[in-house]
Amino acid sequence: METLELGAREAELIAARRENLAALRSMGADPYAITRFNVTAKASELQRRFTDLPAGEHRAEHFAVAGRVMLLRGQGNIAFADLWDESGKIQLFLKSDVVGKVRLKAFQRYVDRGDLLGVQGRIARTKLGELSLLVEQYDVLGKALAPLPDKWHGLVDVERRYRQRYLDLAVNPEVRDVFLMRSRIIAEMRRFLEARNFVEVETPVLINIAGGATARPFQTHHNALGLDLNLRIATELYLKRLVVGGIERVYEIGRIFRNEGIDTKHNPEFTMMELYAAYWSYEEMAQFTEELLAHLVAMVTDGGNTLAYGERTLDFRRPFKRIKYLDALREYGGYARADLLDVEPAVRIAESLGIPKPPSHTHALDKIFETVVEPHLVDPTFVMDIPVLLSPLAKRRADDPQLTERFELFIANMEACNAFSELNDPDDQRGRFEEQARDRDAGDAEAPPPDWDFIAALEVGMPPTAGIGIGIDRLVMYLTNQQSIRDVILFPLQRPITER
RNA sequence: GCGCCCUUAGCUCAGUCGGUAGAGCACCGGCCUUUUAAGCCGUGGGUCCUGGGUUCGAGUCCCAGAGGGCGCACCA
């Protein structure tokens, strides 16, 4: 990208900081020459450890803390600064009789807001009660040449927050907290699965046939092989191949890509956890899902079982609510089974709901459900026994072959999980692939082409298996109370800035 | 892809009916020995997103474009 031209004011702000950098260098304190700093304490650790230190007193112990200078004040013969590290904030207290007159002056003249600082000193509490590091020695460990956003408002401009996430993270601690929590959630999920003997694997991202879901793939090309490839839209078909191979409990937390629109609930690349357990049915999977989610809710709420999400409170007490797919449509829409499972009446209902000419029975039924039922599903709710025509990879119910052993878990009107007893009958699977191939030929760009090798795998024999997909980004949205998926993805897709 | 809204100083934002571009913070200079966004005084700082148009005159009105937000469509 071309360097954007700077306004006169901005150039002046940067020049002032460059002068301070030059001054530090001439003092033999080149910030960029330093390669290490021995940190002995984190800010929050000190805050915790010295809660009882009375105002006006100090302790003999020395600590070394490093972080970014976020506020500077009291520019007399005394100086205060707020130093933020990853854990939190500690005030720096510089007095000329402790740090030295020359060093204090240099601090006041050459240290700018935003600089990275390593400090050493004793711990003290000021007269006004603020825990502080009484600085004896400081080093500028990295110079901030660019001026930081407003100290009070922080960085507000949404576009810049996403494009320059480093700034967002540096000045908005609550944003950093969300992403640190995202990391903890995923780590905890891995521990939870590890404890239950699940094996984590990685399957291909670049694939020939993008199956396992209905979505448009991103297309790419391998030069050496002269091969057109797609980015995966799901991990499902590869993970089930592994179950065939004898990995009985397997999962992948991976990025998947769907070439669709962008809004507060969708990003073109997102993270999905898909998991398969041999010898489980969707019943065991539903129970497992409750345990996992309740566990994560307890983690983020210190043992609680509800989540504040926007204006609402979500109840994660087990067992979660359950409703059968067809019962939900009858309850909320008054529709009978035959109205939904036959094409013509389903299309008529869809049209009566204002859905513009549904291209297929599948689409019509999906839209009816979305319009009629989804708005009611606030607390975590399992929607059970979804029709086979919406479920090309799920096993039919033995007592009702038009339905499958499949559930979707809805939370706050969003689909959070999709799970089923996996279809392991190769002949039935072949038939459904052929059905999708007909849809594809009829112009449905989202219907995947058949993956014949997957059929070959099923012919080797797959045990009865249950699988689930959980959208990690949405899960993190609930657990961190974020209303936009972009606020749980570090670098959400943005258009590039063209030359101005 | 469609509709509505937004884009003004480094940051956060005002800008009336079309009449010479504003504030707070930051920066810079000076003074100050306990600050918490936050002592006091002073100086400087603008591609009003871009390009056209209307007008004696456009930040303001019109057209086109760029980027963003929200909603719809698609999807999870």
Side-chain angles (χ1 to χ4, degrees), chain A residues 4-17 19-20 55-56 70-82 89 91-98 101 104 108-109 112-114 124-132 134 144-163 167 171 213-216 233-234 256-272 354-356 359 363 366-367 370 408-410 414-418 445-446 469-475 477 483-486 492 494-500:
Chain A
L4 295 176
E5 269 187 58
L6 301 175
R9 187 74 272 237
E10 186 172 17
E12 211 177 305
L13 293 170
I14 291 171
R17 284 155 179 266
E19 281 173 28
N20 292 341
M70 293 303 288
L71 281 176
L72 292 161
R73 54 182 175 268
Q75 297 293 304
N77 282 323
I78 198 165
F80 295 92
D82 285 354
K89 178 192 102 175
Q91 177 171 271
L92 306 181
F93 183 10
L94 291 91
K95 295 164 81 166
S96 57
D97 59 338
V98 176
K101 219 169 189 148
L104 177 66
Q108 290 168 338
R109 293 196 67 85
D112 294 299
R113 178 163 176 269
R125 195 173 288 282
T126 60
K127 272 199 302 207
L128 292 183
E130 182 77 18
L131 191 72
S132 308
L134 190 54
L145 295 177
L148 245 48
D150 192 90
K151 65 178 175 183
W152 178 240
H153 301 94
L155 181 61
V156 173
D157 179 52
V158 177
E159 180 178 351
R160 263 190 95 192
R161 286 188 43 230
Y162 298 150
R163 285 192 197 278
L167 267 183
V171 306
T214 54
R216 263 175 238 228
I233 58 173
I256 68 177
F257 308 86
R258 296 186 183 176
N259 207 338
E260 305 287 353
I262 298 174
D263 61 28
T264 50
K265 297 178 181 66
H266 301 86
N267 194 63
E269 53 179 308
F270 62 104
T271 303
M272 179 96 100
I355 294 149
H363 186 267
D366 227 14
K367 284 286 138 192
E370 190 181 301
E408 291 186 303
L409 179 65
F410 285 85
M414 270 195 289
E415 186 190 335
C417 307
N418 177 26
E446 286 172 2
I470 302 177
I472 297 295
D473 312 276
R474 289 185 178 180
L475 185 64
M477 285 170 70
Q483 309 302 312
S484 170
I485 200 167
R486 288 181 215 110
Q494 303 271 216
R495 282 193 169 90
I497 303 174
T498 49
E499 212 174 317
R500 303 202 198 209

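Within every chain, numbering begins at 1; the chains are lettered A, B, ... in the order of the sequence lines, protein sequences first and strands thereafter.
Donor-acceptor pairing under 3.5 Å, judged by distance alone, is present between the side chain of Thr126(A) and the base of rU35(B). Judged by distance alone with a 3.5 Å cut-off, a donor-acceptor contact links the side chain of Gln91(A) to the base of rU35(B).
A donor-acceptor contact shorter than 3.5 Å links the side chain of Asp473(A) to the backbone of Thr271(A). No donor-acceptor distance shorter than 3.5 angstrom exists from the side chain of Arg216(A) to the backbone of Glu260(A), with no hydrogens or angles considered.
In this structure Glu19(A) satisfies the side chain to side chain contact (heavy atoms under 4.5 Å, CB included) test with no other residue, sequence neighbours excluded. Residues forming a side-chain hydrogen bond (donor to acceptor under 3.5 Å, both in side chains) with Asn259(A) (at least two apart in sequence, or on another chain): none. Not counting sequence neighbours, Gln494(A) has no partner by the side-chain hydrogen bond (donor to acceptor under 3.5 Å, both in side chains) test. Legend: residues meeting side chain to side chain contact (heavy atoms under 4.5 Å, CB included) with Thr264(A), ordered by chain and number and at least two apart, are Ser484(A). In this view, Arg258(A) satisfies the side-chain hydrogen bond (donor to acceptor under 3.5 Å, both in side chains) rule with no residue, not counting sequence neighbours.
Across all strands shown, rA37(B) remains unpaired; no Watson-Crick or G-U wobble contact has both distances below 3.5 Å. Using Watson-Crick or G-U wobble geometry with both donor-acceptor distances under 3.5 Å, rC25(B) finds its partner in rG10(B). Shown here, rC61(B) forms a base pair with rG53(B); the pair counts as Watson-Crick or G-U wobble because both key distances fall under 3.5 Å. Across all strands shown, nothing is found opposite rC48(B) as a Watson-Crick or G-U wobble partner with both distances under 3.5 Å. When both pairing distances are held under 3.5 Å, rG71(B) makes a Watson-Crick or G-U pair with rC2(B).
Distance noted for atom P between rA38(B) and rA26(B): 7 Å (whole Å). Using atom C1' as the reference point in both rG1(B) and rG46(B), the two lie 37 Å apart (nearest Å). Comparing rG10(B) with rC48(B), their C1' atoms are spaced 16 Å from each other, to the whole Å. The gap from the C1' atom of rA9(B) to that of rC4(B) amounts to 29 Å, rounded to the nearest Å. Rounded to the nearest Å, the gap between the C1' atom of rG3(B) and that of rG45(B) is 40 Å. For the C1' atoms, the distance linking rG71(B) with rG65(B) amounts to 23 Å, nearest Å. Rounded to a whole angstrom, the distance from the P atom of rU7(B) to that of rU60(B) is 11 Å. Nucleotides rU43(B) and rC49(B) are separated by 30 Å at their C1' atoms, to the nearest Å.
Atom CD of Glu12(A) and atom P of rU43(B) are 15 Å apart (whole Å). Separating the CE atom of Met70(A) from the C1' atom of rU36(B) is a distance of 15 Å, rounded to the nearest angstrom. Residue Leu128(A) contributes atom CG, which lies 14 Å from atom C1' of rG39(B) at whole-angstrom precision. Rounded to an integer number of Å, the gap from CD1 of Ile78(A) to C1' of rC31(B) is 16 Å. Going from atom CD of Glu260(A) over to atom P of rC72(B) covers 17 Å, rounded to whole Å. For Lys367(A) and rA76(B), the NZ to P distance is 9 Å, given to the nearest whole Å. One can place CG of Leu145(A) at 15 Å from C1' of rC27(B), the figure rounded to the nearest angstrom. In this structure, the NZ atom of Lys265(A) is 11 Å from the P atom of rA73(B), given to the nearest Å.
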message = Can you build the contact string for nucleotides 8-13 of chain B? Use B for base contact, S for sugar-phosphate-only contact, and - for no protein heavy atom under 4.0 Å.
response = --BBSS
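Distances from the side chain of Glu130(A) to the nucleotides rA76(B), rU35(B), rU34(B) place rU35(B) closest. Taking only side-chain atoms of Val158(A), from C-beta outward, the nucleotide of rA76(B), rG69(B), rU35(B) with the closest atom is rG69(B). Distance from the side chain of Trp152(A) is smallest to rA37(B) among rA37(B), rA76(B), rU34(B). Distance from the side chain of Thr264(A) is smallest for rG71(B) among the nucleotides rA76(B), rC27(B), rG71(B).
Put simply, Arg109(A) has a side-chain N or O that comes within less than 4.0 Å of OP1 or OP2 on rG29(B). For the pair Arg17(A) and rC27(B), the criterion of a side-chain N or O lying under 4.0 Å from OP1 or OP2 is not met. Of the side-chain N and O atoms in Ser132(A), none sit less than 4.0 angstrom from OP1 or OP2 of rU34(B). In terms of phosphate contacts, Arg163(A) brings a side-chain nitrogen or oxygen within less than 4.0 Å of OP1 or OP2 of rG68(B).
Interatomic distance, CD of Glu130(A) versus CG of Asp82(A), reported as 7.0 Å (0.5 Å rounding).
Map Asp112(A) and Gly261(A) each onto its nearest nucleotide of RNA chain B; the residue landing nearer the 5' end is Asp112(A).
Checking Ser132(A) against Gln91(A) by side-chain atom types alone, a donor-acceptor pair falls below 3.5 Å.
Tyr162(A) comes within contact range of the sugar-phosphate backbone alone, with a heavy-atom separation under 4.0 Å but no base atom that close. Counting non-hydrogen atoms under 4.0 angstrom, Lys89(A) reaches nothing in the nucleic acid. Within 4.0 Å (heavy atoms only), Asp366(A) reaches no atom of the nucleic acid at all. The residue Arg486(A) sits close only to the backbone: its heavy atoms come under 4.0 Å of sugar-phosphate atoms, none of a base. Note on Arg495(A): only backbone sugar-phosphate atoms sit closer than 4.0 angstrom, heavy atoms only; bases stay farther off.
Contact between Leu155(A) and Arg161(A) at its shortest, heavy atoms only, is O-CD, 3.4 Å.
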